Engineer: 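Okay, here's the structure, questions in a sec.
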Amino acid sequence: MDLVVQKYGGTSVADPERIRRVAARIVATAKGGSPVCVVVSAMGATTDELIGLAQQVSERPHPRELDMLLTAGERISMALLAMAIHDFGRDAVSFTGSQAGIVTDTRHGKAKIVELRADRVREALDRGRIAIVAGFQGVSTSSDVTTLGRGGSDTTAVALAAALGADVCEIYTDVEGVFTADPRIVPGARKLAAATYEEMLELAAAGAKVLALRSVEYARTHGVRIHVRSSFADAEGTMVVGEEDVLEQAIVSGIASDTGDAKVTMLSVPDRPGIAARMFRPLADAGIHVDMIVQNVSAEGHTDISFTLPTADLPSAEPILDGLAREIEASGAVVDHDIGKVTVVGAGMRSHPGVAATMFEALADAGINIEIISTSPIRISCVVRAAELERAVRVLHERYRLADDVLLQGDAAGEA
């Protein structure tokens, strides 16, 4: 039987009753004859609570010690889940990230997996035991405990699936799959049967919270199929696979929205060669991801440059921006927190013109102003006012007729 890797998120193991329910599901899978490896997140809001606790004792918690603290959440979950599985009559053993052989680089808080030595996990599976691995964590090449950042348990699961040769990695969460939009914003949003790695990468980067971006990148690189499913229902979810495994592609597959970014505008920047490089290199060196960029028309040798970056990175970015403004002789930097990003994604957009025009027309008809535009071959993103974001999602979902269960929405995308 094919080996099964399952990952359960924090809401799936939020309390003892849910842990026992998850244990029952895992045991049922094992009784089918498949070796089972399980990755588990911290219970409910445990990670946020631990971060809050750290901030109560330290204004700037030391990164190494914060990682040491945060990994406790997953260790609690894995031990409790193993206990519950034992009570159901199956042998289970729990592993921390380091015990499971997850080796990372030395960056605390957002470490990347550089090697996976899964011998202990493989040995446990060969002996018929259910292996429970703490997600979100590993051990660095300098032997320090590290965490993989938000959504790191997804990455742990996909990495283990690749290392163990699993045919599919099942990601169990509190939703039934990947939808055409956030069902909390668009009640008529439709569950997708399948999405390509490229579509899921764009959706995750644009704010869809179903899968962590790095887990999808890892899956694409290593050819791991992902099955997003609900912990609370037995229905089929959404398969995330290679483009060659999708027979036909919708022009528009989904709409994502995000309020986690801020817009920064550098005022009166000298308009000469090399200035942009001098602006963005220090941000990159600090690990700050800059997304959408727009430069205004130059006037009298100066221009304004606007870009977006994660709000969470502002405390690190603002001192850099202040120094940059002085260095390049700009007038200063202005930060706008009141923005949202709406993104339309679809692999079929490559061969169907008119999608962008339809998006801009729909937003204009709704009186929603676009501040920044960014595109890729399968994505169009627009920055709008945060107060208009949810309405923008609903307007676009309706204009593209995404509630309809059809593969190609040619008319809605601007095709005759």
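Atom set for the values below is all heavy atoms of this structure, side chains included, hydrogens, waters and symmetry mates excluded. Being a predicted model, the structure only gives us computed values, none of them experimental.
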Engineer: Please confirm whether the backbone N or O of K110 pairs with a side-chain atom of R150, one donor and one acceptor, at under 3.5 Å?
Structural biologist: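 Between the backbone of K110 and the side chain of R150 there is no qualifying donor-acceptor contact (under 3.5 Å).
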Engineer: I'd like to know if E176 and R229 make a salt bridge, using a cut-off of under 4.0 Å between side-chain N and carboxylate O.
Structural biologist: no
Engineer: Any salt bridge between R326 and D322, counting N to O under 4.0 Å?
Structural biologist: no
Engineer: Give, for atom CG of L309 and atom CG of L321, the distance between the pair rounded to the nearest 0.5 Å.
Structural biologist: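 Spacing of CG (L309) from CG (L321) equals 7.0 Å.
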Engineer: Other residues, nucleotides and ligands only: do more than 12 of their heavy atoms fall within 6.0 Å of CD on E217?
Structural biologist: yes
Engineer: Between E398 and R394 (salt bridge meaning N to carboxylate O under 4.0 Å), is one present in this structure?
Structural biologist: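 Result for this pair is no, no salt bridge flagged.
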Engineer: Tell me, yes or no, whether the heavy-atom count around K209 atom NZ, taken from other residues, nucleotides or ligands under 6.0 Å, exceeds 12.
Structural biologist: yes
Engineer: Look at the side chain of T156 and the backbone N and O of F136, then say whether any donor-acceptor pair between them is shorter than 3.5 Å.
Structural biologist: yes
Engineer: Quick check for you: to the nearest 0.5 Å, what is the distance between I76 atom CD1 and S94 atom OG?
Structural biologist: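 OG of S94 is found 12.0 Å from CD1 of I76.
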Engineer: Please report the interatomic distance OG1(T155) to CG(L211), rounded to the nearest 0.5 Å.
Structural biologist: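 T155 atom OG1 to L211 atom CG measures 9.5 Å (nearest 0.5 Å).
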Engineer: Among side-chain atoms of T146 and T104, is any donor-acceptor pair under 3.5 angstrom?
Structural biologist: yes
Engineer: Say you draw a straight line from CG of L402 to OG1 of T180; how long is it, rounded to the nearest 0.5 Å?
Structural biologist: 5.5 Å
Engineer: Rounded at 0.5 Å granularity, tell me how far OH in Y8 sits from CZ in R21.
Structural biologist: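 Interatomic distance, Y8 OH to R21 CZ, rounded to 0.5 Å: 11.5 Å.
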Engineer: Measure from the side-chain N and O atoms of T311 to the backbone N and O of G260, and report whether any donor-acceptor pair falls under 3.5 Å.
Structural biologist: yes
Engineer: Can K341 and D291 be counted as an ion pair, charged N to O under 4.0 angstrom?
Structural biologist: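 Judged by the 4.0 Å cut-off on N to carboxylate O distance, K341 and D291 do form a salt bridge.
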Engineer: How close do V393 and A181 get, counting heavy atoms only, and between which atoms?
Structural biologist: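 For V393 versus A181, the nearest heavy atoms are CG1-CB, 4.1 Å.
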Engineer: Checking E202 against S376: is there a side-chain donor and acceptor pair closer than 3.5 Å?
Structural biologist: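 Their side chains do contain a donor-acceptor pair, which is all the 3.5 Å distance test asks for.
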Engineer: Which is it for S257 and E390 under the side-chain hydrogen bond (donor to acceptor under 3.5 Å, both in side chains) test, yes or no, and what are the steps along the way?
Structural biologist: CA-CA 8 Å; S257 57; E390 292 191 1; over 6 Å; no
Engineer: Are the side chain of E318 and the backbone of P315 linked by a donor-acceptor contact shorter than 3.5 Å?
Structural biologist: no
Engineer: So, does Y218 use its side chain to make a donor-acceptor pair with the main chain of A162 at under 3.5 Å?
Structural biologist: no
Engineer: Tell me yes or no: between the side chains of H108 and D67, is some donor less than 3.5 Å from an acceptor?
Structural biologist: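 Yes.
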Engineer: Are T196 and V240 packed together at the side-chain level, in the sense that at least one heavy-atom pair is separated by less than 4.5 angstrom?
Structural biologist: no
Engineer: Would you check if V383 and M292 make a side-chain contact, meaning some heavy-atom pair closer than 4.5 Å?
Structural biologist: yes
Engineer: Do V345 and V252 make a side-chain contact, defined as non-hydrogen atoms from C-beta onward lying under 4.5 Å apart?
Structural biologist: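 Counting from C-beta outward, V345 and V252 never come under 4.5 Å.
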Engineer: Check P282 against A277 and note the closest heavy-atom contact, atom names and distance.
Structural biologist: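 Here P282 and A277 meet closest at CD-O, 4.4 Å.
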Engineer: Look at R25 together with D234 and state whether they make a salt bridge at an N to O cut-off of under 4.0 Å.
Structural biologist: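 Salt bridge flag = yes for D234 with R25.
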Engineer: Ignoring hydrogens and angles, tell me if any N or O in the side chain of T106 forms a donor-acceptor pair with the backbone of S140 under 3.5 Å.
Structural biologist: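 No: the side chain of T106 does not pair with the backbone of S140.
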Engineer: Decide, yes or no, whether a salt bridge links E236 with K191 under the criterion of side-chain N to carboxylate O below 4.0 Å.
Structural biologist: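 Salt bridge absent between E236 and K191.
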Engineer: Within the side chain of S215, is there an N or O that forms a donor-acceptor pair under 3.5 Å with the backbone of D154?
Structural biologist: no
Engineer: Between E388 (side chain only) and I368 (backbone N and O only), is there a donor and an acceptor less than 3.5 Å apart?
Structural biologist: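 No: the side chain of E388 does not pair with the backbone of I368.
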Engineer: Check whether any side-chain N or O of R64 sits under 3.5 Å from a backbone N or O of D144 as a donor-acceptor pair, and report yes or no.
Structural biologist: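 No, R64 side chain to D144 backbone: no donor-acceptor pair under 3.5 Å.
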Engineer: Side chains of S77 and R75: donor-acceptor distance under 3.5 Å anywhere?
Structural biologist: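 Absent: no donor and acceptor within the cut-off.
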Engineer: Could E170 and K7 be called an ion pair, given the rule that one side-chain N must be under 4.0 Å from one carboxylate O?
Structural biologist: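 No, no charged N to carboxylate O under 4.0 Å.
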Engineer: Nearest 0.5 Å, what's the CD1-CE distance between I251 and M349?
Structural biologist: 9.5 Å
Engineer: Return yes if a side-chain donor-acceptor contact under 3.5 Å exists between S231 and S12, otherwise no.
Structural biologist: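 Yes.
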Engineer: Taking R184 first and then D182, would you say they form a salt bridge - that is, a charged N and a carboxylate O separated by under 4.0 Å?
Structural biologist: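 Salt bridge flag = yes for D182 with R184.
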Engineer: Would Y172 and F232 satisfy ring-ring contact (aromatic ring centres under 6.0 Å, His included), going step by step from the backbone distance to the final call?
Structural biologist: CA-CA 9 Å; Y172 286 91; F232 310 107; 9.9 Å; no
Engineer: Say whether, by atom type as modelled, one donor and one acceptor occur between the side chain of R190 and the main chain of D404 under 3.5 angstrom.
Structural biologist: yes
Engineer: Is there a donor-acceptor contact under 3.5 Å linking the side chains of Q137 and T96?
Structural biologist: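 No - no donor-acceptor pair under 3.5 Å links their side chains.
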Engineer: If only side-chain N and O atoms count, and only distance matters, is there a donor-acceptor pair under 3.5 Å linking S253 with E199?
Structural biologist: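 S253 and E199 do have a side-chain donor-acceptor pair below 3.5 Å.
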Engineer: Is it true that N296 and T303 share a donor-acceptor pair across their side chains at a distance under 3.5 Å?
Structural biologist: no
